[in-house]
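The structure appears below as structure tokens.
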Amino acid sequence: MNHLSPKQIVNELDKYIIGQDEAKRAVAIALRNRYRRSRLTEADREEITPKNIIMKGPTGVGKTEIARRLAKLVKAPFIKVEATKYTEVGYVGRDVESMIRDLVECSIRLVREEKMRDVSEKAKGVAETKVVSVLSEMKKGERGELAKEVFDARLLEELRAGKYDDLPIEIEVVDVPKAMELVPGGAEINLGSIFGDMLPKKKKRRKMSVKNAMQYIIGEESEKLIDNDALTAEALSRAEEQGIIFIDEIDKIAGKENRGGADVSREGVQRDILPIVEGCTVMTKYGAVKTDFILFIAAGAFHISKVEDLIPELQGRFPINVELKSLTKEDFIKILTQPQNAITTQYGKLLGVDNIDLKFSEDAIEEIAQISVDMNMTSEDIGARRLHTVMEYLLEDISFNAGGDYPTVTVNIDKKYVDEHLDKIIRNRDLKKYVL
């Protein structure tokens with residue numbers, strides 16, 4: 001587990017998320033408390049459970065991004081689920097236990113990727129030997145008087161230099177049975193994953209490029225080098241001790257019990273989520289998983305309902321309540337310029353592929369931010385997502401006309417350009433202000 005202090009965690013989150021300091025502090029403390037707990041004796045660890053968090057705030061202000069970046073920071077198993085996808089037991093739909101099964105799948109994938117990286121060098125050596133053997137057979141006419149070992153060594157050097165990347169070769173691959181859909185619209189079931197080694201492994205010859213063949217053989221050899229039992233045990237442990245589940249749209253299942261219509265199972269879903277959050281044991285295909293120490297972060301806009309509308313028992317399991325604020329013009333300016341993945345940087349890189357060098361002036365950034373704020377005020381407040389709408393309109397002509405074998409062109413976006421290209425949006429905005 002990462003040993004970052006709460007201040008360091010907040011500094012890392014600041015690189016990607018503007019503002020929302022209260023929420024960042026809450027999740028940073030929750031994460032650090034996990035590390036503190038891991039340093040205690042086993043008896044003490046059993047007594048300390050995570051302090052789950054509810055984030056309240058309009059859409060697009062960074063609720064999901066905070067949780068996602070947090071998990072990425074510490075390489076923790078993380079899933080985002082929507083409360084509205086679940087139904088009370090007895091209704092058709094997903095049961096709440098499936099979120100734990102999804103978390104375990106995520107943990108398995110995470111640990112497998114780490115193990116694959118650990119054995120990749122060894123697997124790469126085996127893959128190179130196999131591919132060189134195929135190449136040597138294909139090019140034996142070019143060998144002449146050279147000894148096979150010398151010729152193979154030269155082929156290996158050329159292979160590593162990427163000379164044969166696009167050359168098609170034929171290799172033996174395992175013929176994996178096709179996934180079958182047992183229920184229309186349901187999950188696909190792969191017989192190979194269910195019965196494992198009980199089914200005989202058929203092989204077939206397949207043509208692919210040397211580059212793809214290398215990747216395939218490295219993957220196949222890595223699988224052989226990994227201890228699957230140890231992998232499963234570590235993944236289950238990591239899901240239990242480090243797992244983070246982000247439950248979005250929890251406000252949609254809040255509200256008083258409706259005795260009819262589509263919302264009939266709202267309170268039932270809350271009651272089903274309760275034991276998962278309180279701590280219970282869920283059976284998965286990899287084994288039993290205890291949910292006692294999984295960190296749950298719930299979020300919702302709470303426009304219509306309030307946090308207090310959740311059943312009291314569930315509120316009690318989310319002791320930390322933080323409110324995320326609507327974004328201001330200053331926030332929008334920072335979002336457009338400061339983060340590592342700033343929207344202006346993203347569009348610059350995208351259009352750079354078509355030899356367009358985008359330059360944004362300060363007054364253009366300010367105007368884009370002001371238009372976004374006004375649009376959020378006069379129509380639905382969708383937070384930072386509004387910037388994508390505005391930027392798409394702004395760069396529509398450039399994006400459409402770019403492409404082809406042209407020399408690099410510098411396009412300067414200033415306030416005048418913004419006003420001209422967003423004239424329709426500005427007029428609609430002013431009209432709505434007048435109507436309001």
Side-chain angles (χ1 to χ4, degrees), residues 2 72-75 77 105-179 190-235 238 286 340-341 349-350 352-355 405 407-408:
N2 216 309
K72 217 170 184 181
L73 209 56
V74 291
K75 298 182 175 64
E105 289 290 351
C106 171
S107 188
I108 291 276
R109 193 165 59 248
L110 204 67
V111 176
R112 187 181 296 280
E113 283 169 7
E114 286 175 16
K115 302 274 186 199
M116 292 279 251
R117 279 197 293 272
D118 291 344
V119 299
S120 63
E121 278 306 309
K122 198 172 180 182
K124 190 180 176 186
V126 177
E128 284 175 343
T129 305
K130 285 188 176 182
V131 171
V132 164
S133 174
V134 175
L135 289 172
S136 183
E137 190 60 34
M138 280 174 67
K139 295 178 172 289
K140 60 183 175 187
E142 298 174 23
R143 197 168 88 199
E145 300 296 315
L146 279 175
K148 188 176 185 306
E149 290 77 15
V150 177
F151 185 64
D152 286 358
R154 195 173 77 189
L155 284 174
L156 180 60
E157 275 180 37
E158 291 171 343
L159 172 69
R160 286 174 177 168
K163 185 180 174 182
Y164 302 115
D165 277 0
D166 299 320
L167 181 74
I169 60 170
E170 212 173 67
I171 61 164
E172 266 197 349
V173 299
V174 176
D175 189 10
V176 181
K178 279 187 179 176
N190 192 322
L191 292 176
S193 68
I194 296 172
F195 297 107
D197 298 328
M198 288 161 63
L199 293 173
K201 284 186 180 174
K202 290 182 186 173
K203 295 227 172 185
K204 64 175 181 182
R205 294 193 74 74
R206 224 175 96 195
K207 204 169 233 186
M208 59 179 83
S209 68
V210 165
K211 190 176 183 179
N212 288 341
M214 279 292 293
Q215 287 172 350
Y216 178 85
I217 299 167
I218 288 170
E220 200 177 52
E221 292 302 320
S222 298
E223 287 285 354
K224 290 177 188 173
L225 293 166
I226 290 169
D227 180 349
N228 280 316
D229 291 339
L231 184 151
T232 303
E234 187 178 332
R238 201 178 291 191
Y286 301 101
Q340 288 186 2
N341 59 338
K349 286 177 181 174
L350 275 175
V353 173
D354 284 323
N355 298 327
D405 252 348
T408 299

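Only heavy atoms go into these numbers, but all of them, side chains included; no hydrogens, no water, no symmetry mates.
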Please name all residues satisfying salt bridge (Lys or Arg N to Asp or Glu O under 4.0 Å) with [X], sequence neighbours left out, ordered by chain then number.
| X | value |
| --- | --- |
| K207 | none |
| R117 | none |
| K163 | E158 |
| K349 | none |

Taking only residues two or more places apart in sequence or in another chain, which ones pass side chain to side chain donor-acceptor pair (under 3.5 Å) with [X]?
| X | result |
| --- | --- |
| E234 | K115, R238 |
| E149 | none |
| R112 | E223 |

Original post:
Could you state the interatomic distance from CD (E114) to CG (D118), rounded to the nearest 0.5 Å?
Top reply: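 Answer for the CD-CG pair, E114 versus D118, is 7.5 Å.
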
Quick one: side chain to side chain contact (heavy atoms under 4.5 Å, CB included) partners of [X], sequence neighbours excluded?
| X | result |
| --- | --- |
| D227 | D229, A230 |
| N212 | M208, S209, Q215 |
| E137 | K140 |
| L146 | R143, V150, F151, R154 |

For the residue pair [X] and [Y], what are the closest heavy atoms and their distance?
| X | Y | value |
| --- | --- | --- |
| A235 | V111 | CA-CG2, 3.8 Å |
| V210 | I169 | CG2-CG2, 3.8 Å |
| A123 | L225 | N-CD1, 4.2 Å |
| S120 | S222 | CA-OG, 4.4 Å |
| I171 | A213 | CD1-CB, 4.0 Å |

Original post:
Quick one: does M138's side chain get under 4.5 Å of L167's, heavy atoms only?
Top reply: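 Yes. Closest side-chain heavy atoms under 4.5 Å.
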
Original post:
Heavy atoms, side chains only, cut-off 4.5 Å: are Y164 and K139 in contact?
Top reply: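 In short, these two side chains touch, coming nearer than 4.5 Å.
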
Original post:
side-chain hydrogen bond (donor to acceptor under 3.5 Å, both in side chains): which pairs involve residues 125-135, sequence neighbours left out?
Top reply: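 Sorted pair list: E128-R160, K130-E221.
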
